[in-house]
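Step one of this worksheet: look at the structure below.
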Amino acid sequence: MALTVCTWNINSVRLRAGLVERLLREAAPDILCLQETKTPVDKFPAEPFAALGYHALAARGDKGYNGVAILSRAPLEPLPHVDFCGKGDARHVAARTGSGLEIHNFYVPAGGDEPDRNINAKFAHKLDFVAEMADWGRGRAGPAIAVGDLNIAPGEDDVWSHRELLKVVSHTPVEVEAFEKARAAGGWADVTRDLTPEGKLYTWWSYRAKDWALSDRGRRLDHVWASADVAPTARRVTVLKGARGWDKPSDHAPVIAEFDL
DNA sequence: ATGGTGGAAGGTCCA
């Protein structure tokens with residue numbers, strides 16, 4: 001049975017509900033995981049998505065910041081979220097599908113500008129969060145897919161210039177090390193890279209570029225991880241780069257993964 | 001080396 005899971009940092013789901021509707025119409029994933037919804041749950045625009053058949057929603061939200069949501073056509077069983085770093089912010093939401101597959105949706109802290117945990121509390125938070133993801137993954141079992149904006153581009157081909165980004169938050173060696181540790185500790189496969197082992201691959205392009213497509217200075221910040229039992233069923237992962245060029249876009253493109261479960 | 005843009009706010013904060 002085929003299952004498609006999409007992850008997308010939407011950068012305000014209220015402002016961009018129309019773009020979400022377009023994605024649901026055009027790509028029609030079975031499950032859509034959103035990050036940076038930037039809204040409390042009681043103001044989440046659930047109705048237009050339900051009208052397209054996405055009746056199941058597991059969402060958490062903060063006013064103005066963070067926020068994660070899982071949309072599905074088939075019913076979801078909500079799972080308890082993990083309060084990474086004990087801050088009570090809405091950076092993780094989880095649910096189980098009818099077939100017993102766990103879906104975990106993450107929004108990892110961006111980490112600020114200065115890649116030094118001693119002078120930048122945001123960077124320390126990011127490293128601590130990812131370290132806790134390793135502990136969490138180590139203690140977890142069963143078929144699962146973990147997606148989200150992890151705000152780290154781990155590989156040399158996951159950034160437009162490895163050399164120029166070595167000291168830029170998102171691609172520093174300490175972040176890449178933490179990322180790999182979290183991935184390995186949970187037994188996760190980086191499905192996107194496993195299916196596309198070579199070549200540049202980005203999911204995010206800054207708003208600050210004059211012409212994001214022309215300069216193409218992207219980073220692969222959005223990830224699809226699968227547990228060891230699920231990973232072999234992955235068939236294809238696609239970055240919907242076109243969505244970065246939609247009107248009033250998010251700075252992230254959706255990533256869609258197809259599994260044959 | 002710097003600043004560039006965008007969202008939620010309706011301050012600045014965050015990305």
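Since we're looking at a predicted model, the values are computed, not measured.
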query = Quick one: does A:Asn11's side chain have a donor or acceptor within less than 3.5 Å of a partner on A:Glu36's backbone?
reply = no
task = Assign each of A:Asp251 and A:Ala209 to its nearest nucleotide of DNA chain B by heavy atoms, then name whichever residue's nucleotide is nearer the 5' end.
result = A:Ala209
ask   = What's the CH2-C1' distance between A:Trp204 and B:dG6, to the nearest Å?
value = 12 Å
inquiry  = Expressed as a whole number of angstroms, how long is the span from A:His125:NE2 to B:dC14:P?
reply    = 12 Å
key: Pairwise C1' distance for B:dG10 and B:dC14, with rounding to whole Å   = 15 Å
key: Between B:dT12 and B:dA1 - P atom distance, rounded Å   = 30 Å
key: Distance in angstrom units between A:Lys122 NZ and B:dC13 C1', rounded   = 7 Å
query = Looking only at atom P, what distance separates B:dA9 and B:dA15, rounded to whole Å?
reply = 15 Å
message = Distance check needed: B:dG6 C1' versus A:Lys38 NZ, whole Å only.
response = 7 Å
task = Take atom C1' in B:dG7 and the same atom in B:dG11, then report the distance between them in whole Å.
result = 15 Å
request  = Assign A:Lys63 to base, sugar-phosphate, or nothing according to its heavy-atom contacts below 4.0 angstrom with the strands shown.
outcome  = sugar-phosphate
task = Write down the distance between CG (A:Asp89) and P (B:dA15), rounded to a whole number of angstrom.
result = 10 Å
ask   = Within this structure, what is the OH-to-P distance between A:Tyr107 and B:dC14, rounded to whole angstrom?
value = 11 Å
inquiry  = Just so I know, are the side chains of A:Phe179 and A:His223 near enough to count as touching, which here means a heavy-atom distance under 4.5 Å?
reply    = yes
key: Donor-acceptor under 3.5 Å (A:Arg117 side chain, A:Asp128 main chain)   = no
ask   = How long is the line joining NE2 of A:His252 and P of B:dG6, in whole Å?
value = 15 Å
ask   = Does A:Arg16 make a side-chain N or O approach to OP1 or OP2 of B:dG7 shorter than 4.0 Å?
value = yes
query = Looking at B:dC13, B:dA15, B:dA8, which one has an atom nearest to any side-chain atom of A:Leu15?
reply = B:dA8
ask   = Under 3.5 Å, is there a donor-acceptor pair between the A:Thr7 and A:Gln35 side chains?
value = yes
remark   = Checking B:dA15, B:dA8, B:dG6 against the side chain of A:Tyr207 (C-beta onward), the nearest is B:dG6
message = I need the CG-P distance between A:Asn9 and B:dC14, as an integer number of Å.
response = 17 Å
inquiry  = If you take the centroid of each ring, where Trp contributes its six-membered ring, are A:Phe106 and A:Trp136 closer together than 6.0 Å?
reply    = yes
message = Heavy-atom nearest nucleotide on DNA chain B for A:Thr37 versus A:Tyr65: which residue maps closer to 5'?
response = A:Thr37
query = Nearest of B:dG4, B:dG6, B:dC13 to any side-chain atom of A:Arg208?
reply = B:dG4
